[in-house]
Number of protein chains: 2
Amino acid sequence: MKPTATADSRTSLSADDWAEAALDAIAVGGMDAVAVEPLARGLGVTKGSFYWHFQNRDALLRAALQLWERQQVDTLLSRIDPAASPYERIVSLFKAANMSVRDGRLYLAIAAAADNPTVQAFVQRLSERWISYLDESYRALGYAGPRARQWALFAFATFMGNLQVRRDTPQMMPEGQDFSDYVKLMIKTLIPREARGQGAEEEDDHPHVVPMRRPGS
Amino acid sequence: MKPTATADSRTSLSADDWAEAALDAIAVGGMDAVAVEPLARGLGVTKGSFYWHFQNRDALLRAALQLWERQQVDTLLSRIDPAASPYERIVSLFKAANMSVRDGRLYLAIAAAADNPTVQAFVQRLSERWISYLDESYRALGYAGPRARQWALFAFATFMGNLQVRRDTPQMMPEGQDFSDYVKLMIKTLIPREARGQGAEEEDDHPHVVPMRRPGS
DNA sequence: CCCTTTCAATACGCCACCGTATGTAGACTC
DNA sequence: GAGTCTACATACGGTGGCGTATTGAAAGGG
């Protein structure tokens, strides 16, 4: 697992160690926590070390964001089990979003700084990836283009919103069985019907969610 | 519309002017933008003025948050038309959430600082209010206690997520008719069935799809 | 007219962080 | 065992924001 460059590690630091420390700092204190001297203190060195590895603060930020993007893409790719049904893929994505508290905070903190030109491209690429992944899953569920995109955005927004609620008002989140029910409700609502593996290939305007009889009015 | 204390206003400032300026700054630059000297510059004065109206920066923050809370409660109360159906109330809440870009950014920025002890109480009270409002609406739609609460949280999270997407990756948001369809999809999905309110205008091309039926039917 | 009150300008010390310049201990090189 | 490269430490100047202390000016009140 590598020393991870904790303060007691006596081996010398690498640029990646700084980037990881920066991500940890972002998850806790937001983008402004990427400050050279505090990070150096946390790593048990002085900024003399930092300016050997990086040209300036922004270079560290870019390195951290690249590391973040790689990690995000990895977790996304790890969800792509080719044998899995679209339903399973969306569900596992949903559960991944609720898994690591740190990663959630990290995502939110970075996204919140999307007005920063250094950050913008990363956030856009990542968001696009997630939404595209969802989009494809919904297409595989039989939804036509625009509809699939709408469902994908809907699901993505719900993911993000849950991250937020968990971060900002965790006491609002139900616990235990109630939480399970909550998640199940969202999953059932966001993935209507076709839990079955085979993707329909219909070209209709709206979800071809056939086997639902109309409400008898 | 009151002078709003723009830089050219020659009348002397009030504490409320500072609080409003602080809210504007938060909406644009986050909590850290509540900085005495920059705000003073924006108002066309020096911090000599500020420290006459406030004891310190945190006092301004509290004043701004109180102003924010009042405004939020007002917009919430303005949604409570006693004659409106629960359906209409949720819909109008949903549309209110998509209305003012500034207010959205404001909410997100403040919520993101919920770890700050000064901010925490405000965010919790406000979130609780919104969720309770949704909760009651869902109860009025016939959902039992835990279920109504789950739907309320679900809807709230979706609201927040949409705010985020609009702030961080606005180009992901559909536009024009596609956006309308997107909103309609969310509304139809989040408010299942009981569109009893006669004000519900459904000029939709296909019959109202029943999103889900109780399991084990 | 003076005097108080209100609102603001100016000047100061303090701290945190950025970036640079330079020093330096250890390893490695031959 | 002198040179060189690596990975830091130290010291310095600069910037931006906080808070305080002091001064100033205009308005209204007696």
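Throughout, protein chains are lettered first and strands after them, A, B, ... in sequence-line order, and every chain is numbered starting at 1. Note that the structure is predicted; figures quoted are calculated from it, not measured.
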OP1 or OP2 of dG17(D) sitting under 4.0 Å from any side-chain N/O of R41(B)? yes

Quick check: on DNA chain D, is the nucleotide nearest T46(A) upstream (toward 5') of the one nearest E37(A), or the reverse? Name the residue that is more 5'. T46(A)

Reckon F50(A) touches a base, only the sugar-phosphate, or nothing at all at heavy-atom distances under 4.0 Å? nothing

What's the NZ-P distance between K47(A) and dA21(C), to the nearest Å? 13 Å

Between G48(A) and V36(A), name the one whose nearest nucleotide on DNA chain C is closer to the 5' end. V36(A)

How many Å lie between CG on N56(B) and P on dG19(D), as a whole number? 5 Å

Expressed as a whole number of angstroms, how long is the span from W52(B):CH2 to dG24(D):P? 20 Å

Specify the separation, in whole Å, of atom CZ of R57(B) and atom P of dG16(D). 17 Å

State plainly whether the residues R139(A) and D135(A) are in salt-bridge range, i.e. N to O under 4.0 Å. yes

For the pair made of CG in D17(B) and P in dA8(C), what is the distance, rounded to whole Å? 9 Å

Would you mind reading off the distance between Y51(A) atom OH and dG23(C) atom P, rounded to a whole angstrom? 20 Å

Parallel, tilted or perpendicular, judged at 30° and 60°: which one describes the rings of Y182(A) and F179(A)? tilted

Whole Å only: how far is the CD atom of Q55(B) from the C1' atom of dC18(D)? 14 Å

Residues R70(B) and D74(B) bridged, charged N to O under 4.0 Å: no

Tell me whether R102(B) is salt-bridged to D24(B), with the criterion being a basic N under 4.0 Å from an acidic carboxylate O. yes

Find the distance H53(B):NE2 to dA9(C):C1' and express it as a whole number of Å. 13 Å

